Amino acid sequence: MAGWLVKSEPNTYSFEDLQKDGRTVWDGVRNNAAALHLRAMKLGDEVLFYHSQEGLAVVGVARVSREAFPDPSDPSARFVAVELEPVRALERPVTLAAMKANPALADMAMLRQSRLSVSPVKADEWAAILQMARAG
DNA sequence: GCCAACGTTGGC
DNA sequence: GCCAACGTTGGC
């Protein structure tokens, strides 16, 4: 089972919004590298939910509830969307600063390419982040 | 608000 | 097909 990370500006759509909605269409991705990752997402894959601009932290875990389909917001039909549902909020947010400070995450895709809005998370990186969410 | 990183566009 | 110009994202 693959792990992923998506970014969202909480001003626009926060993890709390996802919990309130129960599920959401993850559309609007207009970047080929990010779209490639969207296409690779499988039903049931878990997704770290990161707040960009404000918060700057992973705040929750979501799950892919529908695999890639044509993005309804894309008139050119070149890009895809998935559907996400909330799993749970992290006990404590894992901040960008903390992730940067953790050598285990040095190779993490989102850190290496900060503008990538959808990125893969390796199993060991996933475990490290969840550990950080538990530890002080 | 600024700037670095990076993707896209368009002239040649 | 190259590359300069431009737009967008996102951290600081």
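Bear in mind that the values here come from a model prediction, so they are computed numbers and not experimental data. So that the names make sense, note that chain A is the first sequence line, chain B the second, and so on, each numbered from 1.
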Sequence neighbours excluded and cut-off under 3.5 Å, please list the side-chain donor-acceptor pairs for residues 102-115 of chain A, or say none.
residue: A:Asn102; atom: OD1; partner: A:Ala104; partner atom: N; Å: 2.9
residue: A:Asp107; atom: OD1; partner: A:Arg112; partner atom: NH1; Å: 2.6

Find the distance A:Gln113:CD to B:dA4:C1' and express it as a whole number of Å. 13 Å

Determine which pairs satisfy side chain to side chain donor-acceptor pair (under 3.5 Å) with at least one residue from residues 37-51 of chain A, sequence neighbours left out, and list them in order. A:Trp4-A:Asp45

Could you work out, with side-chain contact (heavy atoms from CB on, under 4.5 Å) as the rule, every residue matching A:Gln53, not counting sequence neighbours? A:Glu9

Using the side-chain contact (heavy atoms from CB on, under 4.5 Å) criterion, which residues pair with A:Ala89? Sequence neighbours excluded. A:Phe15, A:Gln19

Using a cutoff of under 3.5 Å, can you pull out all pairs of nitrogen or oxygen atoms linking the protein to nucleotides 8-12 of chain C, with atom names and distances?
residue: C:dT8; atom: O2; partner: A:Arg115; partner atom: NH2; Å: 3.1
residue: C:dT9; atom: O2; partner: A:Arg115; partner atom: NE; Å: 3.3
residue: C:dG11; atom: OP1; partner: A:Tyr50; partner atom: OH; Å: 2.9
residue: C:dG11; atom: OP2; partner: A:Gln53; partner atom: N; Å: 3.2
residue: C:dC12; atom: OP1; partner: A:Lys100; partner atom: NZ; Å: 2.5

Can you list the residues that meet the side-chain contact (heavy atoms from CB on, under 4.5 Å) rule with A:Asp27, with sequence neighbours excluded? A:Val25, A:Asp71, A:Ser73, A:Ala81

